[in-house]
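See structure below.
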There are 2 protein chains.
Amino acid sequence: MNDQPHILVVDDHREIRDSVTRYLEKNGLRATPARDAVEMDAKLATGQFDLIVLDVMMPGEDGLSVCRHLSAKGDVPILMLTALGEETDRIVGLEIGADDYLAKPFNPRELLARIKAILRRTTLPETYAGTLSGRRIAFAHWTLDTDSRLLTDEDGAQVDLTGSELKLLVVLLERPRLVLNRDQLLDLKAGRAASPFDRTIDNQISRLRRKIEADPSRPRLITTLRGGGYCLAADVRELD
Amino acid sequence: MNDQPHILVVDDHREIRDSVTRYLEKNGLRATPARDAVEMDAKLATGQFDLIVLDVMMPGEDGLSVCRHLSAKGDVPILMLTALGEETDRIVGLEIGADDYLAKPFNPRELLARIKAILRRTTLPETYAGTLSGRRIAFAHWTLDTDSRLLTDEDGAQVDLTGSELKLLVVLLERPRLVLNRDQLLDLKAGRAASPFDRTIDNQISRLRRKIEADPSRPRLITTLRGGGYCLAADVRELD
DNA sequence: AGAGAATTGTCACGAAGTGTAACCGGGGCG
DNA sequence: CGCCCCGGTTACACTTCGTGACAATTCTCT
């Protein structure tokens, strides 16, 4: 069981990425490197992170832009890195949602200190209270209301879900078209690791399909990838 | 069974190209040589690669320019080779998107070590079913929906595909009228190399034909080129 | 707190998907 | 004309999945 804070290090320079990752790990944190915005998104989708260290200057999607997106969602704190030591950049960074800022070149110990400071400020157990309350999510011909645990058809037919069916469905809905294996699903849904030959998720999927698929023997919404896992094959949009 | 990482080695010097290719293969990787940017593009189109080793100095399109294009697409990591050991080049290389850099002349073992390091970092948890999700593709008298894995006739008749039939069909649909041999098909479909006497693809083709050909004993859509491979003989258009 | 109901995890068995081997048949070439 | 190479297809083995049954756990209501 590993409940150390998990840090995602996003920087396009290998040396910085790797040395930061190693340094954080040596100091008792978990750290995962990502090369750019694309890789970052992939890792965010399949893992749980407590903080993102983000370089401002990156090819592809720029750090500032990434930061704006992330902080709009607002669920993971951000520490920005930049080569420019100018005050204006600091202001801009903090304005668009970063939680702190550090100019390159920096002392790794200072980085660590700031990471810990942010974690102290932000570690509150509201992590997934937010994801399961007061949301309405539409996908395929269904609308899900997370408060009442009720799925409503476009014809008005209603199905209610049990707690764990709801969690599993939300995990899938938050990652449409992404292939998730049983380990990841169990981790994201229940926060625990799968034991070998664990068929829990299969069963949950089976029960969920019985409720949401038109023909549960020919699933179209939740598809199976043999040897891979499961995938929500539908477009999803959040209502408010 | 071979799902070793697949490396594309791009260098205009035959000796380097070949010795690197051989060395990587001796050490348990798959490696394919390419002489220049043109050949590289061809191989990328008909194979699935996990990393590209790219020489900076090349006739035709220059390595730096190639690298910029590739990293803009951003789906295959790059290790740059250069004869110049200057720091500026290193920075430039990394800035435009290379994942690592190695100066010639280099020790093959160091190259291997760096390749493995990049692969460790970039092997994502489980990527999008990317090309397999949310698409509708029309060809001949069929329409394929990749989400539901369903082929629909113009009369409305429907056929279900299995996961691997779908993958194979999409590989073909993305390369209409191009002859693909068994190695290429297996690489593109499953990311692995064919073992000698591997009849996997023949079987998949047979199963696919049974589902999509009007007369499976006289295939019109997927034609065989004796000694060559298979070819999708139909026009394809993507719907949205 | 305890009884009963609902939910969830585990086990087991059958079904389906996929790779491998073997056999068959056709066409080209000597 | 017969051999041989190559591809088509069938059969089968092995793995992975789906799901009913039941046990364990949690929830609810008194």
Side-chain angles (χ1 to χ4, degrees), chain A residues 132 149-150 159-171 179-183 185-231, chain B residues 1-3 126 132 149-150 159-169 171 179-213 215-231 233:
Chain A
L132 281 181
R149 294 183 184 175
L150 214 55
V159 173
D160 55 359
L161 300 177
T162 70
S164 89
E165 285 162 356
L166 176 70
K167 269 191 216 163
L168 178 57
L169 181 54
V170 169
V171 163
V179 178
L180 296 161
N181 65 34
R182 290 169 178 71
D183 272 322
L185 286 169
L186 205 56
D187 183 26
L188 292 163
K189 197 206 107 193
R192 65 188 178 91
S195 43
F197 313 117
D198 197 324
R199 306 299 303 283
T200 305
I201 289 296
D202 301 58
N203 250 284
Q204 293 285 345
I205 292 283
S206 174
R207 285 165 179 153
L208 197 47
R209 278 176 175 161
R210 230 170 291 169
K211 296 192 176 180
I212 70 173
E213 295 281 359
D215 176 1
S217 69
R218 277 167 214 288
R220 311 241 181 267
L221 291 175
I222 303 177
T223 55
T224 303
L225 277 93
R226 171 164 258 258
Y230 297 98
C231 173
Chain B
M1 186 75 45
N2 185 349
D3 46 7
E126 182 69 39
L132 289 180
R149 297 180 182 174
L150 207 60
V159 175
D160 258 310
L161 298 179
T162 70
S164 88
E165 286 161 357
L166 176 70
K167 269 192 216 160
L168 178 58
L169 182 54
V171 164
V179 178
L180 296 161
N181 65 35
R182 290 169 179 70
D183 270 321
Q184 294 170 328
L185 286 169
L186 202 57
D187 186 22
L188 290 163
K189 200 206 101 189
R192 65 189 178 94
S195 41
F197 313 116
D198 197 325
R199 306 295 305 282
T200 305
I201 289 296
D202 300 62
N203 244 287
Q204 292 286 344
I205 292 282
S206 173
R207 285 167 178 153
L208 198 48
R209 278 175 175 161
R210 228 171 294 168
K211 295 194 175 179
I212 70 173
E213 295 281 359
D215 177 1
S217 67
R218 268 171 238 291
R220 296 293 180 78
L221 290 175
I222 303 177
T223 56
T224 305
L225 273 94
R226 201 178 173 77
Y230 297 98
C231 172

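Both backbone and side-chain heavy atoms feed into the values below; hydrogens, waters and symmetry mates do not. Predicted, not measured: the structure shown is a model, and the values here were computed from it.
For the atom pair Leu169(A) CG and Arg149(A) CZ, the distance stands at 12.5 Å (nearest 0.5 Å). Taking CG of Leu188(B) as the reference point, atom CG of Asp183(B) lies at 10.5 Å (rounded to 0.5 Å). Note that CD1 of Ile222(B) and CD of Glu213(B) are 6.0 Å apart. Values are rounded to the nearest 0.5 Å.
Rounded to an integer number of Å, the gap from CZ of Arg226(B) to P of dG25(C) is 16 Å. The distance between atom CZ of Arg210(A) and atom P of dA21(D), rounded to the nearest whole Å, is 10 Å. Regarding Phe197(A), its CZ atom lies at a distance of 14 Å from the C1' atom of dA12(C), rounded to whole Å. Distance Glu213(B) CD to dG8(D) C1': 13 Å, rounded to the nearest Å. Between Leu166(A) atom CG and dT8(C) atom C1' the separation is 15 Å, expressed in whole Å. Rounded to whole Å, the distance from CG on Asp198(A) to C1' on dG18(D) is 15 Å. Between Leu225(B) atom CG and dG8(D) atom C1' the separation is 16 Å, expressed in whole Å. Between the C1' atom of dC17(D) and the CD1 atom of Ile222(A) lies a distance of 14 Å, rounded to the nearest Å.
Residue Thr162(B) has a polar side-chain atom (N or O) positioned under 4.0 Å from OP1 or OP2 of dT18(C). Side-chain N/O atoms of Arg209(B) include one lying less than 4.0 angstrom from OP1 or OP2 on dG8(D). Distances shorter than 4.0 Å separate some side-chain N or O of Ser164(A) from OP1 or OP2 on dT8(C). In this structure, Ser217(B) does not reach the dG8(D) phosphate: none of its side-chain N or O atoms is under 4.0 Å from OP1 or OP2. For Tyr230(B), no side-chain nitrogen or oxygen approaches OP1 or OP2 of dC6(D) to under 4.0 Å.
With Glu165(A) as reference, Lys211(A) is the one residue of Arg210(A), Arg207(A), Lys211(A) to meet the side-chain hydrogen bond (donor to acceptor under 3.5 Å, both in side chains) rule.
Using a 4.5 Å heavy-atom cutoff, the side chains of Leu161(B) and Leu208(B) are in contact. For the pair Val159(A)/Ile212(A), no side-chain contact is recorded, criterion being any heavy-atom separation below 4.5 Å from C-beta on. Here the side chains of Tyr230(A) and Arg209(A) are in contact, with some heavy-atom distance below 4.5 Å. With a 4.5 Å cut-off on side-chain heavy atoms, Lys189(B) and Leu180(B) do not count as touching.
Using a cutoff of 4.0 Å between basic side-chain nitrogens and carboxylate oxygens, Arg218(A) and Asp160(B) are scored as salt-bridged.
Residues from residues 180-187 of chain B placing a heavy atom under 4.0 Å of any atom in DNA chain C do not occur. Looking at residues 199-207 of chain A, you'll see Arg199(A), Thr200(A), Asn203(A), Gln204(A), Arg207(A) sit with a heavy atom under 4.0 Å from some atom of DNA chain C.
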